[in-house]
Amino acid sequence: MNKPKVLVTRNIFPEWINYISDNSELDLWEDELPPPRDVLLKKVKGIDGILCLLTDKIDSELMDIAGPQLKVISQIAVGFDNININEATKRKIPVGNTPDVLTSTTADATWSLLMAAARRITESERFVHQGKWKTWHPLHFLGQDIYKSTFGIIGMGRIGYEVAKRAIGFDCKIIYYDVNRRKDLEEKLPLEYVDLKTLLINSDIISLHTVLNDDTYHLIGEKELNLMKDNSILVNVSRGPVVDSKALYNALLDKKIWAAALDVTDPEPIPNDDPLLKLDNCLIVPHIASASYKTRYEMSKISAENLINGVNKKSLITCVNPEVNY
Ligand code: GLV
């Protein structure tokens with residue numbers, strides 16, 4: 001019997017590449033960079049399944065070119081704003097993602113970014129490496145305290161909740177805003193539900209954990225940044241376009257807010273001449289929040305299993321459009 005044809009658009013853990021190639025006819029794109037659009041469109045013709053990344057645009061054009069035999073789209077990420085889910089659902093194609101396994105790792109990363117920004121760790125480390133450390137000085141590298149601060153979380157999903165759990169250990173007052181009030185979570189942790197404006201005005205720290213959609217695009221823009229405290233720190237581990245980058249640059253430059261820590265940017269990667277890179281109060285890392293060995297291994301496993309389940313018309317372990325799961 002012919003094996004199902006699959007395209008995997010980047011290397012994942014070798015064990016899971018082996019699992020896929022044992023169970024399919026595999027076309028693996030091994031470059032570090034994503035396949036260019038024209039190459040991707042050529043490669044999807046006639047495939048039964050695709051394992052893709054958030055850097056691959058999976059839209060109706062691609063699904064049409066792939067053909068009606070396409071049985072599964074398996075994304076190695078929890079977010080899926082690069083995939084047109086409605087078009088996949090219309091074609092009865094289940095879309096897999098990798099939630100849960102990355103929740104705690106991403107919450108840890110949020111805290112790493114926050115603590116580094118609050119205490120100017122990357123900036124002061126650069127200072128030492130540049131040979132500028134001459135003495136201990138009472139006024140050098142003053143930062144912001146996190147303990148007992150008011151911690152505002154926008155998006156109280158799985159990751160937002162894990163971030164909140166860690167804030168308890170720092171004696172923070174936690175307020176949150178979400179389109180859905182989470183009374184179930186309020187029973188477990190001291191979380192206070194507030195509207196967005198109240199959160200912006202009162203928080204010392206604001207951490208973003210929303211999905212990216214039409215409603216959250218530029219959720220944090222000039223107006224919102226103007227409402228924030230001048231000692232505040234904005235952390236974004238969600239998606240770059242949730243923040244209006246130009247407005248953020250102006251707010252950081254004019255010290256309307258104190259610092260930002262970004263795991264994600266708009267666009268990604270951030271261009272080398274982006275003015276945000278010139279600011280000492282803007283810490284930027286290259287979208288690495290889920291990048292621990294254990295988590296990326298688990299993400300490789302789930303996405304590989306979703307792919308092979310899907311091409312065999314078996315139920316995906318995690319599916320973002322369960323109405324068309326097998
Ligand atoms: C990473 O950003 C993810 O969505 O998993």
Side-chain angles (χ1 to χ4, degrees), residues 8-13 16 32-34 50-59 72-85 88 94-114 153-163 178-179 206-220 234-243 245 248 260-270 283-307 310 316-322:
V8 175
T9 66
R10 229 66 47 81
N11 254 317
I12 57 172
F13 271 72
W16 296 102
E32 183 192 1
L33 298 181
I50 182 167
L51 190 157
C52 54
L53 275 65
L54 43 87
T55 45
D56 305 315
K57 188 170 173 204
I58 310 294
D59 56 4
V72 62
I73 297 167
S74 174
Q75 165 105 329
I76 181 165
V78 64
F80 44 81
D81 44 277
N82 57 310
I83 303 173
N84 190 329
I85 302 296
V95 177
N97 69 338
T98 61
D100 303 322
V101 291
L102 51 65
T103 302
S104 295
T105 300
T106 304
D108 285 356
T110 305
W111 272 87
S112 309
L113 286 171
L114 169 59
I153 296 182
I154 299 182
M156 189 49 77
R158 287 172 289 234
I159 298 170
Y161 180 70
E162 281 299 316
V163 168
D178 193 299
V179 279
I206 295 183
S207 196
L208 302 175
H209 302 283
T210 58
V211 294
L212 173 63
N213 57 31
D214 291 345
D215 295 332
T216 60
Y217 178 81
H218 285 191
L219 183 69
I220 304 298
L234 179 70
V235 186
N236 189 8
V237 298
S238 61
R239 286 290 183 264
V242 172
V243 178
S245 309
L248 177 64
L262 311 176
D263 182 48
V264 288
T265 59
D266 181 22
E268 278 184 24
I270 190 165
L283 187 165
I284 305 178
V285 296
H287 204 149
I288 56 166
S290 67
S292 75
Y293 285 106
K294 188 160 164 251
T295 290
R296 287 286 166 85
Y297 182 89
E298 291 301 324
M299 290 166 70
S300 298
K301 176 176 191 287
I302 294 175
S303 57
E305 290 179 342
N306 277 340
L307 177 71
L316 273 57
I317 304 160
T318 46
C319 184
V320 302
N321 50 353

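For ligands, and for the atoms within them, numbers begin at 1 and follow the listed sequence.
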Q: Ignoring hydrogens and angles, state whether a donor on the side chain of T55 or R10 is under 3.5 Å from an acceptor on the partner side chain.
A: yes

(Q) Please determine whether side chain to side chain contact (heavy atoms under 4.5 Å, CB included) holds for the pair I220 and I154, giving the CA-CA distance in whole Å, both sets of side-chain angles, and the decisive distance to 0.1 Å. (A) CA-CA 10 Å; I220 304 298; I154 299 182; 4.0 Å; yes

Q. So I76 and S300, side chain to side chain contact (heavy atoms under 4.5 Å, CB included) or not? Walk me through it.
A. CA-CA 7 Å; I76 181 165; S300 298; 4.0 Å; yes

For each nitrogen or oxygen atom of ligand 1, which protein N/O atoms lie closer than 3.5 Å, and how far apart are they, rounded to 0.1 Å?
unit_1, atom_1, unit_2, atom_2, d
ligand 1, 2 (O), R239, NH1, 2.7
ligand 1, 2 (O), H287, NE2, 2.6
ligand 1, 4 (O), V78, N, 3.3
ligand 1, 4 (O), G79, N, 2.7
ligand 1, 4 (O), R239, NH2, 2.8
ligand 1, 5 (O), V78, N, 2.7

Q) Looking at OG1 of T98 and CZ of R296, how far apart are the two atoms once the value is rounded to the nearest 0.5 Å? A) 9.0 Å

Q) Partners of D59 by salt bridge (charged side-chain N to carboxylate O under 4.0 Å, His left out), sequence neighbours excluded? A) R37, K57

**Q.** Spatial distance of atom CG (D100) from atom OG1 (T318) [nearest 0.5 Å]
**A.** 8.0 Å

